[in-house]
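First comes the structure, then the notes that go with it.
These numbers come from a predicted model, not from an experiment. Sequence lines set the chain letters: A, B, ... in the order given, protein chains first and strands last, and positions in each chain run from 1.
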Amino acid sequence: MITYAFRRLGHALLVLWATFTATFFLLYVLPGDAALSKAGVGGDGATLSPAELARVRADLGLDQPVVGQYATALLHALRGDFGTSTQTGAPALSMYVEAVPETLKLAGAALLLGLVAGTGWALLAAWTRWRLLRQALLALPAVGVSIPTFWIGLLLIQVVSFRWQLLPAIGNDGVRSLVLPALVLAVPTAAMSAQILSRSLEATLHAPYVETARARGASRSRVLLRHALRNSVLPVVTALGMTAGHLVGGSVIMETVFSRSGVGAITVRAVNVQDTPVVLVAVVFAAVVFVGVNLLVDLLYPVIDPRIQLRTARRTGLLRAGVAT
Amino acid sequence: MSLTEQVLPRLEPVPPVDPSTAGARADGDGGADVRPRPPRRTRPTLARLARQPGLLLAWTVLALVALAAAVPELFTDHDPLRPVGPRLTAPDSEFLFGTDNLGRDLFTRVVYGTAESVQAVVVAVLVGLVVGSLLGLLAGYLGGWVDDVLMRVVDVLLAVPALLISLAFITALGFGTVNIAIAVGIGNVASFARVMRAEVLRIRGSAFVEAATFAGIGRLRLLARHILPHTAGPVLVLATLELGLALLSVSALSFLGFGAPPPAPEWGSLVAGGRDYLAAAWWMASIPGFVIAATVLSANRIARSVNRHQVSAF
Amino acid sequence: MPVTHLLNPETRPEGRPMTPAVPQDEAPDLLTIEDLTVEYLVGGRRVRAVEQADLSVSSGEIVALVGESGSGKSSIAHAVLGALPAAGRIVGGRIGFDGLDLARLSERRFNQVRGRSLGFIPQDPMSSLNPLHRIGTQVTESIRIHRSASRAEAARQAVELLDRVGLPEPAARARQFPHELSGGMRQRALIAAALAGAPRLLVADEPTTALDVTVQKVILDDLSALARSGGIAVLVITHDLAVAADRADRIVVLRHGRIVESGTPDAVLGAPCHPYTRMLLASAPSLAAGRRRRSRPAGRSTPGATVTEPGGHRAPVAPTSGRDLVRVDGVTKEFRVPHTDRNQGWFRAVDDVSLTIGRGETLGLVGESGSGKSTLARLILRLTPPTAGRIAYDGTDIADVDRRGLRGLRARAQLVYQNPYGSLNPRLTVRQIVAEPLVGFGIGDRSARGRRVRELLDQVGLPGDLAERRPAELSGGQRQRVAIARALAPSPELLVCDEPVSALDVSIQAQILDLLADLQVELGLSLLFVSHDLAVIRQVADRVGVMRAGRLVEIGPADQVFHRPGHGYTRTLLAAIPGQGFGTRATGRAA
């Protein structure tokens, strides 16, 4: 148990380190001279004399060999120092972290909404007996994952905010301003979890133990809720880490569409002006979210399925438990 | 957003027909009692399409998109970059999609923007397909430390949402449609690598591959004859699925303003351009957005039918 | 062809009493199926699965529904339970039960019958219990559905029921999850669950197919006892004629959805009137049938092997002259167990096994699941290296051969797999599959290969026009023939068959066993034949090794092992085989 926890934690740290490393080399070593962008000169670096450029490079430590730069950056990052933003001069990390709560509100609301709606939708589809309605219910989530969220957002602004004047179109002003972006951000989450759950329910409802339960006289609702649902929910839980990642990515778009402040807005601005320290923080932060959610999911597995113990590796536990004699 | 995750559980061979549900299964055996040869899939494709109007519509949409990408002149006489009428005209018979804030015909701009978007999507999927499959193949076939290292790379690609991977690449490479395409492609590498590796491992572990070692064949022949043909299907299905997803990502990135610079029309940036006129000209953002949605839907619809077909043909 | 015969009077199981328990006319029929017709919609076509079936079961009676796959036996069971798959429906007839017509019951009304007066025992205990619910909860589910029993009351009843079906420590079992119980225990729990509603009719769908033979006996004993003492009517669905013969008061034989014969076991099996029943009987593997060896070994004498008539007894095989083909010396194989509950570390699959396989000889290796018999076969083929011990093939230690040597070894020792569905590449044609070893080992040129493929197909009894088909277009038996043809292509000396017939229906099993016997004589092959089925082993083996928990507990000439078993476990195995009780009576009458 303890060794397993350490192994998982070790793996998580490895992923974070690798993410930092890959992103660092991508941002600082690939084309685009970091000195130019850091000096805030952008495209026309010609106005800077070679001497001035060299000074900027020295300031930034860019005259050192790449490996040295990387080592310094990693050491600093471990202490929470990801450098300063080239736009504002503020520390990149604290600038980013200050924006987290606004995004957390948005993503949290969307996650909750998405999971509830997705689960409800899948159950409704499994419950429906009328073939045509059932097929329609099963088909709609596929539409949900195909529609660009920025387009849904703009449509809603047009109708709800401008035509009906019900909710604010932009800004971070209280709960009312949260409704539309959270709703839109929840669409792909809901559609995706509905799809995963539907497929999983479909398989579970044909499992021999469900047939056995039916043969005991269990009603449709009992079969669906008591036997099938809990057995089908694992894939949705497994996808939670991925879902969280989508929400981080999706909030980038939502915050642009609805002109909200938050980490998404900061990221877009940073990419626009090649503010590499902030971009680095954004990427590493997204990885932290993913890794963190997956650790939580690992803790959640044994609660849902007694066959899975913390010490058993996730994959083998799931696959072997079914076939072991 | 990621349909790719959901393809995975589907990419398994169909189990043999349940005897209890196949009352008429012929179980004769031996030389005398030969099982009737089941009809091979000879039903004409068109006839099958006609019974699925949704699928037919999807193919039509994609055909039109492809045509618009190849020969935009076929659809319109206007110039996408020059004003042709009054500003902000609502859609009517002359300006099918209306005009924009400079009086340019929106329909023409959408048509001429197709090529840019389609190219980006194709490049993105190819990057993901080639890089990802190669990684997956190496990891699955060689195993050992190669597998370990490559899978840690994939872990990183999975840990960061595709959109942020793309943003990081755009920061490094700069703006532009090609860079967007590469960035989106890199974001897709992980799913291709995972599917390829899983397939290679699954096929390698199957009884017929072990049986092939009793036929004394070499590693290359084993790979070429027994393993690769079986992995191709699932990977190509994934590629069709990624088409729609790549369009979503590409247009999202160009909506954010990282695509082609302003005057050039591109679907995502057309939507972004309409953002400032939401109240005054609903069509400017809505119609290009609708075109994107319709194309993605069509691509996904086709991908699903290909997937089903592939699985049942296994 | 041999008929079921007596093996050994003293090993007869005590499952079925010699006299029928309930005279037919005393109890009125509880279940009356009349004229039942079931159809499935398969790919837009309507397929009849059951055609005008008539059948009845009365209280305290066990009726066995026997047939091969696709005979419609499961469809009848599902129809009785109102659990036909979505594609299936009852198009005619009635199912009278307890004053109701089950063929025309609404789902709501059905739910008041199921789990109450109608109990169901499913086929596969491994997957028929909800993995997330405790045993006790599942055992008493029908009580909680039908009578609003309190939680405590239900828990008490669960223990009682588990105790009734003979589970040790019922209170502890009730608190466990399904994955913590063995297959036999799970099946008992499922029987307890079926009994919870105090049913008058139990429908058991292949209740022991997924279980080892010793466990099967225990479960069948349970069921028999329930019918006798509890007065419960039992409808057993089975493909196993022997099980039916042992346990049923009446047997109903189904073929292609039609009932071809029914009556008491004595009548049906003693004097079958339908040719299909006779065919089933003839192909049912039986211990007494003796070694299959049909072809005359023209001019070739296999060392140490004597040919006997079917049904007769063979003289013990003399020690093989000359060098043995395979010599296994003190071989042990351990697998790393990935972090299971307790045995963290190593699992010993094969434990210090020594044996030999002579030239031209068939060694049968028998054991229950997990006994290590398949692992041993894989060790001999060097598909996996042993942890300790030495395996010599024709005098060379196979651990020493290099890559080239291994290729040579592969050409000389071939494998036939259990599952003919999985071992053939679905994308290749039969010709390509059979020709592959010829290409791989560089045997002959293109035209010579073509001739050889035709010859091989002919040898395994497949018509040449099948050569361009793919595996999906063949039946199970045909696929196994293709697999055998491929194995024969490089002209091997040793053929390792790992459960080659266990995925096939009995009539096809018999054909494949005949084929193997013929081929062995024709080609002078050595065979290592691995099976869980003693009756199958009995038909093919010259010598028999019995494995249990990784150890070879007994090895010797087939006659000796089957008639004078030296080890207690072998005796248990033999005693658990169904169909022997019937054999006693059948021969008794015949004599």
Side-chain angles (χ1 to χ4, degrees), chain A residues 11 14-16 18-19 22-23 26-27 30-32 139 142-143 145-152 154-155 157-158 161-162 169 188 192 195-196 199-200 203 235 239 241-242 245-250 252-253 256-257 267-268 270-272 274-276 279-280 282-284 286-287 290-291 294, chain B residues 1-3 5-6 9-10 54 152-153 155-175 186-187 244-245 247-249 251-253 255-258 267-268 271-272 274-275 278-279 282 285-286 288-290 292-301 304:
Chain A
H11 182 249
L14 183 72
V15 167
L16 290 184
T19 306
T23 317
L26 174 67
L27 292 176
L30 270 179
V143 178
V145 295
S146 303
I147 297 180
T149 47
F150 57 86
W151 183 58
I152 311 180
L154 293 178
L155 286 184
I157 289 176
Q158 248 167 25
S161 303
F162 292 168
M192 209 172 64
Q195 277 186 319
I196 297 176
R199 191 158 303 161
S200 169
M242 196 186 68
H246 285 315
L247 288 173
V248 172
V252 172
I253 296 168
T256 308
V257 170
T267 310
V268 171
V271 175
N272 261 317
Q274 286 201 304
D275 191 349
T276 37
V279 175
L280 181 61
V283 172
V284 172
F290 178 86
V291 164
N294 270 337
Chain B
M1 266 190 196
S2 173
L3 285 164
E5 297 297 327
Q6 298 154 54
R10 277 245 190 148
R152 292 298 84 76
V153 174
D155 277 350
V156 170
L157 288 172
L158 282 175
V160 183
L163 189 79
L164 275 164
I165 296 178
S166 304
L167 288 179
F169 266 84
I170 289 167
T171 313
L173 301 176
F175 296 177
I186 298 291
L245 298 174
L247 180 54
L248 275 185
S249 308
S251 43
L253 287 170
F255 170 79
L256 291 175
F258 304 130
W267 289 358
V271 178
R275 229 189 116 208
L278 278 182
W282 60 267
S286 309
F290 174 78
I292 298 172
T295 312
V296 177
L297 266 173
S298 304
N300 284 350
R301 177 71 188 80
R304 261 183 297 134

query: How far does OG1 of A:Thr267 sit from CG of B:Leu163, to the nearest 0.5 angstrom?
result: 9.0 Å
task: To the nearest 0.5 Å, tell me how far A:His11 NE2 sits from B:Arg152 CZ.
output: 4.0 Å
Would a 4.5 Å heavy-atom cut-off, applied to side chains only, mark [X] and [Y] as touching?
| X | Y | answer |
| --- | --- | --- |
| A:Asn272 | B:Phe258 | yes |
| A:Phe150 | B:Leu256 | no |
| B:Leu278 | A:Leu154 | yes |
| A:Phe290 | B:Val160 | no |

query: Residues two or more places apart in sequence or in another chain: which of them pass side chain to side chain contact (heavy atoms under 4.5 Å, CB included) with A:Ile152?
result: A:Ile147, A:Leu156, A:Val184, A:Val187
Pick one of side chain, backbone, both or neither for [X], based on which atoms fall under 4.5 Å of a heavy atom in chain B.
| X | answer |
| --- | --- |
| A:Leu14 | side chain |
| A:Val271 | both |
| A:Ile157 | side chain |
| A:Val284 | neither |
| A:Val279 | side chain |
| A:Ser200 | neither |

Show the nearest heavy-atom pair for residues [X] and [Y], with the distance to one decimal.
| X | Y | result |
| --- | --- | --- |
| A:Ala18 | B:Val156 | CB-CG2, 3.3 Å |
| B:Leu248 | A:Ser146 | CD2-O, 3.6 Å |
| B:Ala168 | A:Val283 | CB-CG2, 4.0 Å |

- line: In terms of heavy-atom pairs under 4.5 Å with chain A, the winner among B:Pro161, B:Ala162, B:Ala272 is B:Pro161
Aromatic ring pairing A:Trp151/B:Phe290, orientation class (parallel under 30°, perpendicular over 60°, tilted between): tilted
